[in-house]
2 protein chains.
Amino acid sequence: MFRVLLRMEFLPTTPNNKNLEQKIIDLLKRSSLSVTDSRKKILESFFQKNSALAHADIELQVGDEFDRVTIYRTLQTFVDKGIIHTIPTPDNAVLYALCKDSCSAGHHHDNHVHFICDNCNKTYCLEHVVVPTIAMPNNFIASQIDMVVSGVCDFCNASS
Amino acid sequence: MFRVLLRMEFLPTTPNNKNLEQKIIDLLKRSSLSVTDSRKKILESFFQKNSALAHADIELQVGDEFDRVTIYRTLQTFVDKGIIHTIPTPDNAVLYALCKDSCSAGHHHDNHVHFICDNCNKTYCLEHVVVPTIAMPNNFIASQIDMVVSGVCDFCNASS
DNA sequence: TAGGTTTTGCAACTATGTTGCAATAGCTTA
DNA sequence: TAAGCTATTGCAACATAGTTGCAAAACCTA
């Protein structure tokens with residue numbers, strides 16, 4: 001028996017790479033960050049993978065080229081500038097994902113639900129699933145709500 | 001100007017301590033765990049503090065008496081047996097809180113919302129605020145939902 | 001392209017969590 | 001209630017994650 005798994009991924013070709021690189025440079029400049037190799041490469045990972053990444057994932061991808069510390073500092077800078085946001089996970093690994101345009105420096109509008117697939121371990125930002133408002137007990141005032149759902153993602157469901 | 005802050009806390013007195021100790025011993029036996037000093041002391045912390053605790057909190061409390069490793073293993077055992085559950089937090093610190101009776105070994109019914117106070121840093125289990133069900137995108141199947149709210153708690157609101 | 005500023009890499013360190021193993025404490029039952 | 005078996009603990013050593021200071025290198029401005 002065979003099982004054939006197919007998944008559309010973003011496959012960079014020459015023109016796309018050029019477009020992506022320009023997009024990344026623009027994003028960095030818009031965030032008033034200087035354009036450096038490590039920042040470009042790390043952002044590239046996020047755009048290409050199109051899912052949330054852990055520090056370890058990024059280190060695997062670019063760790064030969066850049067120092068561990070640089071990766072930590074770059075991620076922190078991106079969070080500060082509103083380029084990426086962190087995702088709390090049930091097993092307490094830190095994940096980072098690209099913010100949509102509505103995020104600005106120091107102020108994330110990250111009110112969508114996050115989804116972690118128990119099967120393939122990918123983390124998705126469900127941009128279109130908004131965190132519901134909930135009734136708080138007397139005198140509790142909510143300022144931020146994080147919602148993380150785990151289960152099986154669309155791709156894993158389709159291929160099982 | 002003065003500001004008077006009052007909070008009811010569980011103040012152990014001799015009879016209460018006896019009750020508490022018996023309660024703890026019963027709980028351990030019910031979970032088929034042997035009754036040891038470290039387990040008793042660590043459970044005592046949870047009952048007395050009545051809020052979620054980090055490993056570090058517990059180490060501060062009982063670290064002189066018991067080894068770091070023992071605390072890790074004890075917490076893990078309690079989680080396995082359904083005595084406490086972990087709470088994911090936005091800043092990725094691991095917190096533990098007592099489960100209610102509906103939890104059983106290996107199967108937590110931990111569907112309530114957790115609340116972290118930005119002011120006093122206490123974490124509360126809002127037992128009566130149930131995590132709402134949400135609509136998943138096509139072919140995503142949810143099996144677990146974690147919801148963590150941060151803001152200002154009732155006590156901090158009342159005293160500001 | 002010169003100069004100031006920002007970013008990077010390195011080394012060292014702290015914090016957090018894990019594992020194997022021998023010693024100890026808890027539990028069982030005779 | 002004491003002997004012997006099993007479960008738990010403490011220690012040492014290790015693994016992983018994240019931080020800090022500082023000098024060297026890269027980046028940006030004019």
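- In this structure, NZ of A:Lys40 is placed 14 Å from C1' of C:dT7, rounded to the nearest angstrom.
- Here the OG1 atom belonging to B:Thr70 is positioned 13.5 Å from the NZ atom belonging to B:Lys41, to the nearest 0.5 angstrom.
- Cluster membership for A:Ile116 and B:Ile141, using ILVMFWY side-chain heavy atoms within less than 4.5 angstrom, is not shared.
- Taking CG of B:Leu98 as the reference point, atom CZ of B:Phe78 lies at 9.5 Å (rounded to 0.5 Å).
- Rounded to an integer number of Å, the gap from CD of A:Glu65 to P of D:dA26 is 13 Å.
- For B:Thr36, no side-chain nitrogen or oxygen approaches OP1 or OP2 of D:dT8 to under 4.0 Å.
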ring-ring contact (aromatic ring centres under 6.0 Å, His included) between A:Phe115 and B:Phe140, intermediate numbers included:
CA-CA 9 Å; A:Phe115 187 92; B:Phe140 281 81; 4.9 Å; yes
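- Protein atom CD of A:Gln76 is 14 Å distant from nucleotide atom P of C:dT8, rounded to whole Å.
- The base of D:dG10 has none of its N or O atoms less than 3.5 Å from a complementary donor or acceptor on the side chain of B:Arg68.
- Taking atom NZ of residue A:Lys81 and atom P of nucleotide C:dT6, one finds them 11 Å apart after rounding to whole Å.
- Residue side chain A:Arg73 reaches the base of C:dG9 through a donor-acceptor N/O pair under 3.5 Å, judged by distance alone.
- The phosphate of C:dT7 has OP1 or OP2 within less than 4.0 Å of a side-chain N or O from A:Ser34.
- With no hydrogens or angles considered, no side-chain donor-acceptor pair links B:Asp57 and B:Gln61 at under 3.5 Å.
- Put simply, CG on A:Asp67 is 12 Å from C1' on C:dT7, counting in whole angstrom units.
- When the C1' atom of C:dT7 is taken as reference, atom CG of A:Leu43 falls 15 Å away, rounded to whole Å.
- Which of C:dT16, C:dC10, C:dT8 sits closest to the side chain of A:Ser38 comes down to C:dT8.
- Put simply, CD on A:Glu59 is 8 Å from P on D:dA17, counting in whole angstrom units.
- Atom pair B:Tyr72:OH and D:dT16:C1' shows a separation of 11 Å (rounding to whole Å applied).
- Fit an axis to the five pairs at each end of the helix from C:dT1-D:dA30 to C:dA30-D:dT1 and the two axes sit 40° apart, to the nearest 10 degrees.
- With the nearest nucleotide of DNA chain C identified for both B:Val69 and B:Asp37, B:Val69 has the one nearer the 5' end.
- Counting any heavy atom pair closer than 4.0 Å across all strands shown, A:Arg39 reaches sugar-phosphate atoms only and no base atom.
- Not one N or O on the side chain of B:Ser51 forms a donor-acceptor pair closer than 3.5 Å with the backbone of B:Tyr124.
- What you find for B:Gly82 and B:Cys99 is that their closest heavy atoms are O-CB, 3.6 Å.
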